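Here is the structure we will look at.
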Amino acid sequence: MRGAGLNRRLLVGIVRMFDNEVNINCQINKMTAYTGLVLIILAWLLQLMSNEKTMNKGFLLVYIFGVAVLVYDGLNAGVTTMGLLNLISGILAAIVFMRIRKR
């Protein structure tokens with residue numbers, strides 16, 4: 001029983017340490033996340049302002065760059081799942097960009 005209590009306290013201490021580290025990293029990386037999201041918003045504005053009914057190449061380039069910033073931010077902050085999901089989103093957008101560029 002005594003060992004279980006020690007393991008529990010050790011686990012709680014590790015979780016608290018990790019939680020504090022994540023909070024510090026989140027505060028530091030907030031600006032990077034904002035930058036990535038603003039780039040994605042600008043990309044959507046470019047697409048919406050375009051009179052074309054097809055994907056705008058400028059939209060895709062700015063979107064990919066914004067996603068790249070979010071991938072960097074997520075991986076740097078230790079939010080691996082979010083970083084990898086953003087990476088998949090960026091790869092898919094890059095594939096669309098390559099297909100459009102060939103036309």
Side-chain angles (χ1 to χ4, degrees):
M1 279 299 207
R2 186 171 182 199
L6 179 63
N7 288 339
R8 186 177 187 290
R9 278 186 269 146
L10 180 62
L11 183 61
V12 168
I14 291 171
V15 168
R16 283 186 183 154
M17 181 179 68
F18 178 74
D19 189 40
N20 287 338
E21 184 178 324
V22 169
N23 286 335
I24 291 168
N25 282 339
C26 286
Q27 291 170 1
I28 292 170
N29 293 319
K30 219 182 247 189
M31 196 59 168
T32 309
Y34 288 154
T35 302
L37 290 171
V38 165
L39 286 170
I40 290 171
I41 290 168
L42 288 174
W44 277 110
L45 287 174
L46 279 172
Q47 181 65 32
L48 289 173
M49 291 170 41
S50 172
N51 290 331
E52 301 173 17
K53 299 228 181 221
T54 60
M55 264 307 171
N56 185 336
K57 291 178 187 176
F59 159 76
L60 285 170
L61 286 175
V62 176
Y63 180 86
I64 291 167
F65 188 69
V67 168
V69 172
L70 290 178
V71 169
Y72 168 78
D73 179 57
L75 295 177
N76 191 37
V79 190
T80 310
T81 304
M82 190 64 71
L84 292 176
L85 290 172
N86 281 320
L87 180 62
I88 291 168
S89 172
I91 289 170
L92 293 173
I95 291 169
V96 170
F97 177 77
M98 287 186 280
R99 286 186 177 177
I100 287 175
R101 195 178 77 190
K102 288 181 182 179
R103 290 181 193 171

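Fair warning: this is a prediction, and the values are worked out from it, not measured in the lab.
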Review point. Would Phe97 and Val71 show up in the same hydrophobic cluster when neighbours are defined by side-chain heavy atoms closer than 4.5 Å?
Key: yes
Check your understanding: Going only through I, L, V, M, F, W and Y residues with side-chain contacts under 4.5 Å, is there a path from Val38 to Leu61?
Key -> no
Check your understanding: Applying the side chain to side chain contact (heavy atoms under 4.5 Å, CB included) test to Gln47, which of Leu42, Asn56, Val62, Leu60 qualifies?
Key -> Asn56
**Study point:** CG-OG1 distance between Leu75 and Thr81, expressed to the nearest 0.5 angstrom
**Key:** 10.0 Å
Exercise for review: Following the transitive rule for hydrophobic clusters with a side-chain heavy-atom cut-off under 4.5 Å over Ile, Leu, Val, Met, Phe, Trp and Tyr, establish whether Leu46 and Met49 coincide in one cluster.
Suggested key: no
Check your understanding: So how far is it from Tyr63 OH to Leu92 CG, rounded to the nearest 0.5 Å?
Key -> 8.5 Å
Review point. Can you get from Trp44 to Val67 by hopping between Ile, Leu, Val, Met, Phe, Trp and Tyr side chains that sit under 4.5 Å apart?
Key: yes
Check your understanding: Are any of the side-chain heavy atoms of Leu70 and Ile40 separated by less than 4.5 Å?
Key -> yes
**Study point:** Spacing of CD1 belonging to Ile91 relative to CG belonging to Leu84, to within rounding of 0.5 Å
**Key:** 9.5 Å
Practice item. Verify, without hydrogens or angle tests, whether Asp73 (side chain) and Val69 (backbone) share a donor-acceptor contact under 3.5 angstrom. Key: no
Exercise for review: Quick one: closest heavy-atom pair of Gly90 and Ile64, and the distance?
Suggested key: O-CG1, 4.2 Å
Review point. Do Leu87 and Leu39 share a hydrophobic cluster, counting only Ile, Leu, Val, Met, Phe, Trp and Tyr and linking them when any side-chain heavy atoms are less than 4.5 Å apart?
Key: no
